[in-house]
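By convention here, the first residue in the shown sequence is residue 1.
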Amino acid sequence: MSYLRPCALYKTLITFPSLRWMPCQSWGFLRWPGLDGFLRFMVVALLWTTFSEIRFIPSSSMYPTLRVGDRIIVEKASYFFRSPAINDIVTFLAPEQEPGYGKDAVFIKRIVAKAGDLVQVHHGSLYVNGVAQNENFIAERPSYTSDLTYVPKGHVYVLGDNRNNSYDSHNWGPLPVEKILGRYVMCCYRPSNH
């Protein structure tokens, strides 16, 4: 009598038809998908890089909505079909009149007014067309005062959510729409130490 022979339960499991084939027993799933799979991958990669990108948040100007170190997904296609809207968070090229920023520097801010609006900050509130805006997303009320500003056609007025710590339209005026690169979609990574 040998004690090394397999038990009856083991023989039953191995001979049971549905357990006989396992994905790890066939290494065919690891082979290259072929030309059609490669072309599909290239089309997806091309569409991803054309219509979206991942950006890093380097400053606290959009706190508490976005924090330093966050990685966000920005989509670049929707403004081909529609105009930027109030409360959209957008990425854009730094205004040309500002020294100290390269021509490739990218900012991220929230649109608070569009073409034709009158904007002013005073008494700790943002006023658009004379109406105080209810902004429950800002870090704190603005401590500065700005002059009444008209937003011309083809421009938007952008402010950071951390109003007292943001370099935005209250410093350099309305932003030309053609400078906008894309719209914030979601935060895809937030460091755990925040």
ILVMFWY cluster, [X] and [Y] together (side-chain gap under 4.5 Å):
X: Y144; Y: Y157; answer: yes
X: V74; Y: L66; answer: yes
X: L175; Y: V112; answer: no

Taking all non-hydrogen atoms of both residues into account, name the closest pair between [X] and [Y] and its distance.
X: F51; Y: A77; result: CD2-CB, 3.5 Å
X: P142; Y: S125; result: CD-N, 4.4 Å
X: A115; Y: G154; result: CB-N, 4.1 Å

Mind checking what makes side-chain hydrogen bond (donor to acceptor under 3.5 Å, both in side chains) contact with [X], not counting sequence neighbours?
X: S143; value: N164
X: Y79; value: D88
X: E75; value: S78, R183
X: D117; value: N129

Practice item. Could you walk me through whether I111 and N87 pass the side-chain contact (heavy atoms from CB on, under 4.5 Å) test, one step at a time? Key: CA-CA 5 Å; I111 296 175; N87 285 328; over 6 Å; no
Value rounded to 0.5 Å, distance of [atom1] in [X] from [atom2] in [Y]:
X: I57; Y: Y184; atom1: CD1; atom2: OH; answer: 8.5 Å
X: S61; Y: R110; atom1: OG; atom2: CZ; answer: 11.5 Å
X: I108; Y: D161; atom1: CD1; atom2: CG; answer: 9.5 Å
X: I180; Y: L93; atom1: CD1; atom2: CG; answer: 10.5 Å
X: M62; Y: F137; atom1: CE; atom2: CZ; answer: 8.0 Å

Under 3.5 Å donor-acceptor, [X] side chain and [Y] backbone:
X: R71; Y: G69; answer: yes
X: H155; Y: K153; answer: yes
X: S169; Y: V158; answer: yes
X: T91; Y: L181; answer: no
X: E140; Y: I138; answer: no
X: N162; Y: S60; answer: yes

Do [X] and [Y] make a side-chain contact, defined as non-hydrogen atoms from C-beta onward lying under 4.5 Å apart?
X: I72; Y: I54; result: no
X: D168; Y: N171; result: yes
X: K114; Y: V177; result: no
X: V151; Y: V119; result: yes

**Study point:** CA sep, side-chain torsions, deciding dist, call: L118, V128, side-chain contact (heavy atoms from CB on, under 4.5 Å)
**Key:** CA-CA 6 Å; L118 292 169; V128 177; over 6 Å; no
Exercise for review: Considering only NZ, NE, NH1 and NH2 on the basic side and carboxylate oxygens on the acidic side, decide whether R190 and D70 come within less than 4.0 Å.
Suggested key: yes
Exercise for review: Would you mind checking if R141 and E135 are paired as a salt bridge, meaning a charged N to carboxylate O distance below 4.0 Å?
Suggested key: no
Point to revise | Pair S166, K109: side-chain N/O donor-acceptor within cut-off below 3.5 Å | key: yes
Exercise for review: Could you tell me whether the side chains of S52 and K76 share a donor-acceptor contact shorter than 3.5 Å?
Suggested key: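 Looking only at side-chain atoms, K76 and S52 do not form any donor-acceptor pair under 3.5 Å.
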**Study point:** Sequence-distant partners of P58, side chain to side chain contact (heavy atoms under 4.5 Å, CB included), two or more places apart
**Key:** F56
Practice item. Please list, chain by chain and in numerical order, all residues satisfying ring pair (Phe, Tyr, Trp, His ring centres under 6.0 Å) with F107, sequence neighbours excluded. Key: F92, Y101
